[in-house]
Amino acid sequence: MNPLLATGLMLGVAGSAHCVGMCGPIALSLPVVKMNNQSRFISSLLYNLGRIVTYSFLGLVFGLIGNSIGFFGYQQALSIALGILIVLIVVLPVQKIGHQNFLSAWFSKLRLWLGDLFSRKNYQSVFFIGLLNGLLPCGLIYLAIAGAVSTASIYKSVLFMAGFGLGNLPVMWSLAFWGGFINLNIRNRIKKLYPYLMLVMATLLIIRGLGLNIPYVSPALENHTTNMQAISCHN
């Protein structure tokens, strides 16, 4: 299996309980076209397919950003900076910014669109609920995006984010199909492990940025001078 896909899968699996806590109410409230197992199966599948498509699209967008930075030889610095940023977020939690800003207005509009989709009982609306769900604010998604950006590759970034979505697919699909099978106490206990997951991810990003020539974990990365020499050779 591709190591980046595997890493994304592991992050998705590890964060499944967090996804249940954050997105559980949406998954449990999906509009079902018909009250039978076949309809619930299709609805839960389309909802999760929508989420994975959005995650993959985010991987494309942030992969473009990471690729641009990596082209100029700053991939290592970017990986280390993202790792340090995650550590700071864990150690020094940022207080909520005022609600009167562009992002809060966007997220409010997003919730209105979701409300409208929930009023329609068809498979198309369920798929679009999944698409929009992937754009809602979520710390775990931000963590996945940080890992995707650090790849400095469009293809690898999309692969990482798709893996992340596939990783939490079993739990999120089961939640939408079977209902609330994970009780609140279990969710709260697993949520306490979330900061440690972030620290592990931050450590991996920092080690990767150091270019210690460890296969898959910290490969030796080309620097800016090497990139420019390669470009010059082709001119």
Please tabulate, for side-chain N and O atoms in residues 124-139, each donor-acceptor pair with protein atoms closer than 3.5 Å (sequence neighbours left out).
residue, atom, partner, partner atom, Å
Ser125, OG, Arg120, O, 2.9
Ser125, OG, Asn122, O, 2.7
Ser125, OG, Asn122, OD1, 3.2
Asn133, OD1, Tyr47, OH, 2.4

If you group Ile, Leu, Val, Met, Phe, Trp and Tyr by side-chain heavy-atom gaps below 4.5 Å, do Val13 and Ile52 land in one group? no
Any heavy-atom pair between the side chains of Leu166 and Leu169 that's under 4.5 Å? yes
For Phe118, look at atom CZ and say whether over 12 heavy atoms of other residues, nucleotides or ligands are found less than 6.0 Å away. yes
How about Ser56 and Leu60: do any of their side-chain heavy atoms sit closer than 4.5 Å? no
Point-to-point distance, once rounded to the nearest 0.5 Å, from CD1 of Ile80 to CD1 of Ile206: 7.5 Å
Report yes if some heavy atom in the side chain of Leu143 is under 4.5 Å from a heavy atom in the side chain of Leu11; otherwise report no. yes
If you measure from OG on Ser150 to CD1 on Ile145, what distance do you get to the nearest 0.5 Å? 12.0 Å
Non-hydrogen side-chain atoms of Phe164 and Leu9 separated by less than 4.5 Å: no
Decide yes or no for Thr54 and Met161: does some side-chain heavy atom of the first lie under 4.5 Å from some side-chain heavy atom of the second? no
Are the side chains of Ser43 and Leu46 in touch, meaning some heavy atoms are under 4.5 Å apart? no
How long is the span from the CG atom in Leu45 to the OH atom in Tyr123, to the nearest 0.5 Å? 11.0 Å
Separation between CG of Asn168 and CG of Asn48, rounded to the nearest 0.5 Å: 7.5 Å
If you look at every heavy atom in Gly167 and Pro170, which pair is closest and at what distance? O-CD, 3.6 Å
Of the non-hydrogen atoms in Leu64 and Ser68, which two are nearest, and what is the gap between them? O-OG, 2.9 Å
Interatomic spacing from CZ in Phe160 to OH in Tyr55 - rounded to 0.5 Å: 13.0 Å
